[in-house]
Protein chains: 2
Amino acid sequence: MAQLSDSIEHFIKELMTEDAHVELRRNELAQHFGCAPSQINYVLATRFSVDHGYIIESRRGGGGYVRIVRMQTRGEPNFLDALLNRVGNSVDEETANAIISNLFERKMITGREAALMRSAVSRNALALPISAKDVLRAAVFRNMLEQVFKNLEEDKRNDV
Amino acid sequence: MAQLSDSIEHFIKELMTEDAHVELRRNELAQHFGCAPSQINYVLATRFSVDHGYIIESRRGGGGYVRIVRMQTRGEPNFLDALLNRVGNSVDEETANAIISNLFERKMITGREAALMRSAVSRNALALPISAKDVLRAAVFRNMLEQVFKNLEEDKRNDV
DNA sequence: TCTATTGACCATCTTTGACTATTATAGCGC
DNA sequence: GCGCTATAATAGTCAAAGATGGTCAATAGA
């Protein structure tokens, strides 16, 4: 039931609860899960991309490693700008979802809000030819991103 | 004799007596009933549609699943259905905003969520000719409405 | 006629394996 | 000891295979 990829993702995130980065051996991890080493790359590519808020560094050869670093962007003044830039005029569903997950992991939005945002940018919602979909998704998504940050500001004012 | 579809419907509802949601494998279920997998989709489409009070989520690929969620909206059994009907294929911004406010007043969504939803269906977000805007807004909005109800179900599960 | 059933074809997500690229180190000739 | 090379130890890439679920039109059945 729990997919191998999901297990590996959880395992890594578990390792990162304390620290913002973790270093591991690709082959060791693969052996631990009894899978092909390239499976690890798949998990990194699909769950720990830059859009998800992670940076991967690695080194081959003897003593090689894979390091996963959670990007420190919370509170950074132009985080919103960075996101808006990333989205630009066109964005695919995968990327949008990755960014939404990232916002959730950073506790900037709730799980409910994340689900709402996903539903607004889903393929289902944007009933148009694919190329137009991406453009429209970007427009809707940018608007929601701005709102997320307004919400945070609003909360801050009310807490104080 | 009970039709296949009826048996499958009954079987699924049996599974849902305890919980308001159930997760299953399409192929397994089909095999269990000795029918084509697409038969399952037929049953879902005809007996577990939104106006029957259910919402379907699914995922393909390894570890794929079909999840069926029963909506038990407090007091008003077909509230979601009513809202979806009201929205239909085209809705203007004012109407959408009114519905959002209504959901907020009923405490079905938070203020933050309301703001997010407004941003997704705003004029700004939908950069298209006006007539197309309404159609698109309806699609985006319908998707978000369903999500609102899923969120409520989810919350209910977690509270218990 | 209306509903139910099937099957062919499509879409998406995961897993693997063969092949490639990089790095450290041991061994060798000097 | 120094520099070079071969080898071992890693990690990366990509395409194919595997594992699911979705759609739709044709057909069968009530």
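Residue numbers begin at 1 in each chain, while the letters A, B, ... track the order of the sequences.
Residues passing the salt bridge (charged side-chain N to carboxylate O under 4.0 Å, His left out) test with A:Arg112 are B:Glu113, B:Asp155, sequence neighbours excluded. Taking the salt bridge (charged side-chain N to carboxylate O under 4.0 Å, His left out) definition, one finds that B:Lys13 meets it with B:Glu9, sequence neighbours left out. Partners of A:Ser58 under the side chain to side chain donor-acceptor pair (under 3.5 Å) rule, at least two apart in sequence or in another chain, do not exist in this structure. For B:Asn97, there are no side chain to side chain donor-acceptor pair (under 3.5 Å) partners, not counting sequence neighbours. Scanning for side-chain contact (heavy atoms from CB on, under 4.5 Å) contacts around A:Asn27 gives A:Pro37, with sequence neighbours left out. With sequence neighbours excluded, no residue satisfies side chain to side chain donor-acceptor pair (under 3.5 Å) with A:Thr110. In terms of the salt bridge (charged side-chain N to carboxylate O under 4.0 Å, His left out) criterion, A:Arg59 has no residue partners (sequence neighbours excluded). Contacts of A:Ala98 classified as side-chain contact (heavy atoms from CB on, under 4.5 Å), with partners at least two apart in sequence or in another chain: A:Asp51, A:His52.
Residue pairs meeting the salt bridge (charged side-chain N to carboxylate O under 4.0 Å, His left out) criterion with at least one partner in residues 24-37 of chain A, sequence neighbours excluded, do not occur; the list is empty.
Contact check of residues 57-66 of chain A against DNA chain C (heavy atom, cut-off under 4.0 Å) returns A:Arg59, A:Arg60, A:Gly61, A:Gly62.
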Set out, line by line, the N/O atom pairs under 3.5 Å between protein and nucleotides 16-18 of chain C.
unit_1	atom_1	unit_2	atom_2	d
C:dT16	OP2	A:Ala36	N	3.4
C:dG17	N7	A:Ser38	OG	3.4
C:dG17	O6	A:Ser38	OG	2.6

Let me have a per-nucleotide readout for nucleotides 25-30 of chain D, 5' to 3', with B, S or -, counting only protein heavy atoms under 4.0 Å.
-----S
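A donor-acceptor contact shorter than 3.5 Å links the side chain of A:Thr46 to the backbone of A:Tyr42.
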